[in-house]
Asker: 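Sharing a structure below in structure tokens format, with a few things to ask.
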Protein chains: 2
Amino acid sequence: MSVTPKARGRHHHGDLRRALLDAVAEIVLEAGPERVSLRECARRAGVSHSAAAPHFGDKRGLLTAFATEKSERLRAAMEQAVADLPPGADARAVLAATGHGYLGFARDNPAHFRLMFRTDLIDTADPAWRHAAQAARDPLDRAMAALVPAADAAALRARLAFAWAAVHGFCTLRAELPRNELWHPAPRGAEVAEDLVALVVRACAAPERSAD
Amino acid sequence: MSVTPKARGRHHHGDLRRALLDAVAEIVLEAGPERVSLRECARRAGVSHSAAAPHFGDKRGLLTAFATEKSERLRAAMEQAVADLPPGADARAVLAATGHGYLGFARDNPAHFRLMFRTDLIDTADPAWRHAAQAARDPLDRAMAALVPAADAAALRARLAFAWAAVHGFCTLRAELPRNELWHPAPRGAEVAEDLVALVVRACAAPERSAD
DNA sequence: CGGAAATCTGACCGTTGTCAAGTTCCGCCC
DNA sequence: GGGCGGAACTTGACAACGGTCAGATTTCCG
């Protein structure tokens, strides 16, 4: 009931689109993305079924719009973490902060984070989504470019994939294997996340070669 | 139709359980786990609806059993990769092979891999699943223990999470963001995977500290 | 041959997406 | 200021699908 069933201003409802997206957030939080449906969202927004269809045609459209919003928030979280650094922070600190921004967002919004990567539920051809998803990569791209010599394109590419994969994988595992001790030696979340970022940054900052 | 609709031996069907699990594999491959249902599986196995219920009570039971099987195959893939090493391989090579086993399994079975981590669709309390999921961690645990000094428990823990997260994250991203160029500079899959494993192994083998 | 387990048939209920037709309300224009 | 067109929303109905249950039926084993 927390979606503020109605409001006036225009027509019957103030901003139905907004209310529906908030409903999506609620449902995803409580019951997972599977249970999102046009009808259920309409129910929570206090409008009748079939009111959602004109706005988002489809359940997929609904989730795509939602994921787009959240992608922008993920990007904002990373940029905020970088902005919060003390002035004069070096490239390693910027990369670490970017990672912590990503980790923090996923920790605070595990359900939304999960959904963002459920590409089977999202219309990956949607321009707005594509743009937001692309933009969410910018902070990492910038941080890494500042750390890796511009010459070495291959090293840059490998480190981008590596850093993203490591942080993303940690978030995924943490969100997906919740509270059961499969995460073997009880990771003390925050501490392990700290160590993980440190390992990533060190590996990315290391010079290219090393005798194997 | 490739599930071999019937067979004789006992009762009406030779091994319905097997046939149903094969049907799950088919459906997951073609249409994703969402479309798995008792009815659809029964249909493909050539039996009538409600024939599946006695074996697996539930759609969740069905997917849990399937994920359990696949977890065992993931473990086997890693152990095989290690076994294929030339004799006398050192601890770093073992760790790298373990990672490549994981990567290879996820590359060859992206749909199954995805499902294995859809804990919302799986009964995570099921003993068989828990055992298989635990066991799937063994190869990494062994490889890492051989590489990290036994004394340093914290370093071991951090490196386990790190290595698993990096490789798992890469597999997830590759499976989840398919064929669209969001994966920014077109990763040339195999090559990037190779570099990624190298970075992980190097980071794990590195001595504990490093200035600032 | 008899009993038990596996499977089939048929039905019920709840959920969802979709459509067609009606209703309410906004803003515009004379 | 009063109607008027149209957009936003409502109502009601339909078909499809999934899970579940009761009871009949087949098959196996002893």
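In this text, all values refer to a predicted model and were calculated from it rather than measured experimentally.
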Asker: Where is the tightest heavy-atom contact between A:A128 and A:T68, given as atom of each residue plus distance?
Answerer: O-CG2, 3.7 Å
Asker: Determine the minimum heavy-atom distance between A:M78 and A:A136, stating which atoms define it.
Answerer: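 Here A:M78 and A:A136 meet closest at CE-O, 3.2 Å.
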Asker: Could you tell me how far apart B:R17 (CZ) and C:dT7 (P) are, to the nearest whole angstrom?
Answerer: 12 Å
Asker: If we count only N and O atoms by modelled type, under 3.5 Å, do the side chains of B:R114 and A:T119 hold a donor and an acceptor together?
Answerer: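 Yes - a donor-acceptor pair under 3.5 Å links their side chains.
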Asker: Could you tell me how far apart A:L63 (CG) and C:dT16 (P) are, to the nearest whole angstrom?
Answerer: 14 Å
Asker: Taking only nitrogen or oxygen atoms into account, show me every contact under 3.5 Å that the protein makes with nucleotides 14-17 of chain D, one pair per line with its distance.
Answerer:
none

Asker: Provide, to the nearest angstrom, the distance between the CG atom belonging to A:L38 and the P atom belonging to C:dT16.
Answerer: 10 Å
Asker: Measure the distance from CG on B:D15 to C1' on D:dT27 and round it to the nearest whole Å.
Answerer: 17 Å
Asker: Rounded to whole angstroms, how far apart are CG on B:L16 and P on D:dT26?
Answerer: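 Rounded to the whole Å, the gap is 19 Å.
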Asker: If you look at every heavy atom in B:A93 and B:L85, which pair is closest and at what distance?
Answerer: O-CD1, 3.7 Å
Asker: Under 6.0 Å between ring centres, would you say that holds for A:H112 and A:F105?
Answerer: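 No.
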Asker: Are A:F113 and A:H168 an aromatic pair, judged by ring center distance below 6.0 Å?
Answerer: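 Yes, the ring of A:H168 comes within the 6.0 Å limit of the ring of A:F113, centre to centre.
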Asker: Show which side-chain atoms of residues 51-59 of chain A pair as donor or acceptor with protein atoms under 3.5 Å away, not counting sequence neighbours.
Answerer:
none

Asker: Between B:R18 (CZ) and C:dA6 (P), how many Å, whole number?
Answerer: 18 Å
Asker: Under 3.5 Å between N/O atoms: give me all the protein pairs with nucleotides 19-21 of chain C, atom names plus distance.
Answerer:
none

Asker: Considering all heavy atoms of both residues, which atom of A:C41 and which atom of A:A23 are nearest to each other, and what is their separation?
Answerer: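 Between these two residues, the closest heavy atoms are O-CB, 3.9 Å.
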Asker: Taking atom C1' of C:dG17 as reference, at what distance in whole Å does atom CD of A:E40 sit?
Answerer: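 So the CD-C1' distance, A:E40 to C:dG17, works out to 15 Å.
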Asker: Specify the separation, in whole Å, of atom CG of A:D58 and atom C1' of C:dG17.
Answerer: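 So the two atoms are 9 Å apart, to the nearest Å.
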Asker: Ignoring hydrogens, what is the shortest heavy-atom contact between A:A203 and A:R159? Give both atom names and the distance.
Answerer: O-NH2, 3.8 Å
